[in-house]
Amino acid sequence: MTRTVKSNTIGSSTIKRNGAIVKGTKGSRIAPLSNLKGNVSISANRKKQNA
Amino acid sequence: MAWKEKFKQFGLPGFILFLIISLFSFYLITNDSELMKDLHLKMSKFITADFFKYREQASPLLQALHFVLLILIYGLFLVGFVSAVLMVKNVIMKTTPSIISPKFDEYESYLELEDKLGDVLTAFDQQSSLRAIDEKVTIFMMSSHAEIKRIFDLPESQIEFVWYFQGKNNDIELVYLKTPKDIEGAAKLINSALDMPYVRVQETAVNSRMELRESPIKQFITVRNYGNLKLGLAVFILKENIITKENLKEFIYYTSKMILLGTNNRLLRHFKRKKNTGN
């Protein structure tokens with residue numbers, strides 16, 4: 001890969017989460033997503049290119 | 001396609017047998033007179049040895065034995081023919097594609113990815129500048145993306161990647177090289193996947209969820225490490241019906257090595273650093 005890498009192509013966000021993250025204990029199969037949490041507050045931080 | 005499966009199971013010998021049986025039954029239908037005698041006569045015609053010539057005046061027992069012997073000889077010919085065909089088939093089906101086989105390319109790309117990870121790890125050991133390490137981590141992320149793109153056979157525009165790790169107060173920090181089209185939806189999916197104890201979670205019909213009915217994300221799959229969340233990768237596919245049994249198998253195989261990435265503290269620290277530089 002000879003492309004030049006610019007750090008300003010990177011964006012990031014934070015998901016504010018209520019409740020603990022469940023530990024990963026099972027890996028024998030790919031589980032289908034059971035239920036969806038509707039209200040997620042998210043703060044996105046975008047570093048715009050050439051901005 | 002049940003018949004296709006059946007055909008695969010029996011393969012070429014089955015097909016040849018089927019051909020012979022159908023020819024035989026066709027013959028049976030068209031010539032019903034003195035079938036056995038006719039067959040015996042025809043079979044012995046191709047063999048030049050005197051002993052195998054059909055004799056009208058021989059006793060029925062001798063004739064029957066003669067006939068059985070002929071069938072055995074033809075059977076041997078048939079076995080030889082079938083194995084010759086199989087040999088040719090093997091040469092065509094197995095050896096030739098290996099020159100241009102996708103398997104070979106896959107193997108190469110795995111090695112390339114390993115190389116990129118190696119670059120990152122040696123950069124740690126050489127105490128390279130943060131900027132240099134950061135670049136190498138980014139290159140590694142890009143090659144991981146490329147690998148997954150290859151697994152699902154998707155162009156850049158139809159797949160998005162988000163790396164995530166645990167922040168303060170159970171918050172989830174996301175890092176990405178390209179901002180996803182639907183970051184809200186992506187966040188919902190990642191957040192919900194973290195409510196489950198599985199290291200790999202998928203959603204093959206994202207739009208069937210009420211909240212994500214309008215989302216450009218069609219399919220979602222994520223993988224993270226065992227235990228407390230250290231590092232995870234979420235893949236968002238913007239096209240329907242991409243995930244199949246085969247590419248899932250390859251995804252599992254590929255990510256089985258990746259789930260250890262988060263346990264490397266130095267690497268994790270640099271992902272966290274990326275988050276800060278992204279702000």
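Contacts of B:I259 with chain A are absent, with no heavy-atom separation under 4.5 Å from either backbone or side chain.
Between chain A and the options B:V175, B:N191, B:L248, the largest number of non-hydrogen pairs under 4.5 Å is found for B:N191. The residue among B:R209, B:E211, B:E184, B:M141 with the most heavy atom pairs within less than 4.5 Å of chain A is B:R209. Among A:G24, A:G27, A:S34, the residue making the largest number of heavy-atom pairs under 4.5 Å with chain B is A:G24. For the set A:V40, A:I42, A:L33, the count of heavy-atom pairs under 4.5 angstrom toward chain B peaks at A:L33. Taking B:E173, B:Q166, B:Q202, B:M210 one by one and counting their heavy-atom pairs under 4.5 Å with chain A, the maximum is reached by B:Q202.
Residue B:K257 qualifies as enclosed at atom NZ: its count of foreign heavy atoms under 6.0 Å is above 12.
Summarising the geometry of A:A31 relative to B:M196, their closest heavy-atom pair is CB-CE, 3.8 Å, with the distance given to 0.1 Å.
For B:Y176 and A:S13, the side-chain atoms include at least one donor-acceptor pair closer than 3.5 Å.
Counting only heavy atoms from C-beta outward, the side chains of B:D195 and A:K37 approach each other to under 4.5 Å. A:I30 is listed as a side-chain neighbour of B:I221, based on a closest heavy-atom distance under 4.5 Å. Using a 4.5 Å heavy-atom cutoff, the side chains of A:K26 and B:Y226 are not in contact. Side-chain contact between A:I21 and B:R224 is present, with at least one heavy-atom pair separated by less than 4.5 Å. Using a 4.5 Å heavy-atom threshold, the side chains of A:T14 and B:L174 count as separate.
A salt bridge is defined here as a Lys NZ or Arg NE, NH1 or NH2 lying under 4.0 Å from an Asp or Glu carboxylate O, and A:R17 with B:D171 fails to meet this definition.
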